[in-house]
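Numbers here are sequence positions counted from 1.
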Amino acid sequence: AAFALLQRMLNFIQGLQYYMSYEVLEPNWRQLEKKLSQVTTIDEVLARHTDFLDRCLKDCLLTNREVVELTNRLVQCCLDFANHMQDLSGTFIGPEFLSEVRTHESKFTQDLSALLGILQEMSRIESERSWGHMVTRLDYNSFYSTLS
């Protein structure tokens, strides 16, 4: 159970990192470089840079308080569980270990399911954004969508 939870948490962290790096920052950076090659004044540079930052913030979901709070809780849950597992390495694992794993698993699953629900709703409302790709990446085998 612990290994499966670690793998699910790792999938979440890697999916989030991939989305932000390769689906948001990289294409927006290329677009910024292209736009900067055509500017003639410092004011245009500042305007293009501000547009770049605004787009990255929105596409990385950093302007939605509920998404930011859920993401922070998920990352903290992953860190807490990883630290707990590291503390246990080399020691005897008793029955309370399974209870601890189930507690972390329940919190993680509940928060990730909530995050995916919000992202799916946001994809329906704002179809030009690529949040649907993130939902697919995080719930690639429909594990979380079949829980509800």
*Asks:* Hey, are the side chains of His104 and Cys77 touching, using non-hydrogen atoms and a 4.5 Å cut-off?
*Replies:*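 Contact flag for His104/Cys77 side chains = yes.
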*Asks:* Say whether, by atom type as modelled, one donor and one acceptor occur between the side chain of Glu44 and the main chain of Thr41 under 3.5 angstrom.
*Replies:* yes
*Asks:* For residues Val68 and Leu61, report the shortest heavy-atom separation together with the two atoms involved.
*Replies:*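 Shortest heavy-atom separation between Val68 and Leu61 comes out as CG2-O, 3.4 Å.
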*Asks:* Could you state the interatomic distance from NE2 (His84) to OG1 (Thr103), rounded to the nearest 0.5 Å?
*Replies:* 9.0 Å
*Asks:* Mark yes or no for whether Asp139, through its side chain, and Tyr144, through its backbone, hold a donor-acceptor pair below 3.5 Å.
*Replies:* yes
*Asks:* Verify, without hydrogens or angle tests, whether Gln76 (side chain) and Asn72 (backbone) share a donor-acceptor contact under 3.5 angstrom.
*Replies:*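 Checked: no pair found.
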*Asks:* Does the Ser106 side chain pair with the main chain of Arg102, one donor and one acceptor, at a distance under 3.5 Å?
*Replies:*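 Pair absent, no side-chain N/O of Ser106 close to backbone of Arg102.
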*Asks:* Between Phe143 and Tyr19, is there a shared hydrophobic cluster once you connect ILVMFWY residues whose side-chain heavy atoms come closer than 4.5 Å?
*Replies:* yes
*Asks:* Main chain of Gln7, side chain of Asn11: is a donor-acceptor contact present, judged purely on distance under 3.5 Å?
*Replies:*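 Pair absent, no side-chain N/O of Asn11 close to backbone of Gln7.
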*Asks:* Count the heavy atoms belonging to other residues, nucleotides or ligands that lie under 6.0 Å from CD of Gln31, then report whether that count exceeds 12.
*Replies:* yes
*Asks:* When you check the gap from the basic side-chain N to the acidic O, do Arg30 and Glu33 get nearer than 4.0 Å?
*Replies:*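 Between Glu33 and Arg30 there is no salt bridge, as every charged N stays at least 4.0 Å from the carboxylate O atoms.
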*Asks:* Can you list the residues that meet the side chain to side chain contact (heavy atoms under 4.5 Å, CB included) rule with Thr50, with sequence neighbours excluded?
*Replies:* Asp54
*Asks:* How long is the straight-line distance from CZ of Arg8 back to CZ of Phe81, given to the nearest 0.5 Å?
*Replies:*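 Between Phe81 CZ and Arg8 CZ, I get 10.0 Å after rounding to 0.5 Å.
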*Asks:* Assess whether side chain to side chain contact (heavy atoms under 4.5 Å, CB included) is satisfied between Arg137 and Glu23, documenting all intermediate values.
*Replies:* CA-CA 12 Å; Arg137 183 170 301 286; Glu23 292 188 29; 3.7 Å; yes
*Asks:* Quick check against the 3.5 Å criterion: does Ser37 have a side-chain atom that pairs as donor or acceptor with the backbone of Lys34?
*Replies:*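 Answer holds: yes.
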*Asks:* Is there a side-chain contact between Glu121 and Arg124 in this structure, where contact means two heavy atoms from C-beta onward sitting under 4.5 Å apart?
*Replies:* yes
*Asks:* Please verify the inter-ring angle class for Phe12 with Phe108; under 30° counts as parallel, over 60° as perpendicular, anything in between as tilted.
*Replies:*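 Rings of Phe12 and Phe108: perpendicular, as their planes differ by over 60°.
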*Asks:* Would a 4.5 Å heavy-atom cut-off, applied to side chains only, mark Lys35 and Val39 as touching?
*Replies:*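 The answer is no, as the side chains (C-beta and beyond) never meet within the 4.5 Å cut-off.
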*Asks:* Would you say Leu32 and Arg55 make side-chain contact, with heavy atoms under 4.5 Å?
*Replies:* no
*Asks:* What pairs with Tyr140 under ring pair (Phe, Tyr, Trp, His ring centres under 6.0 Å), at least two apart in sequence or on another chain?
*Replies:* none
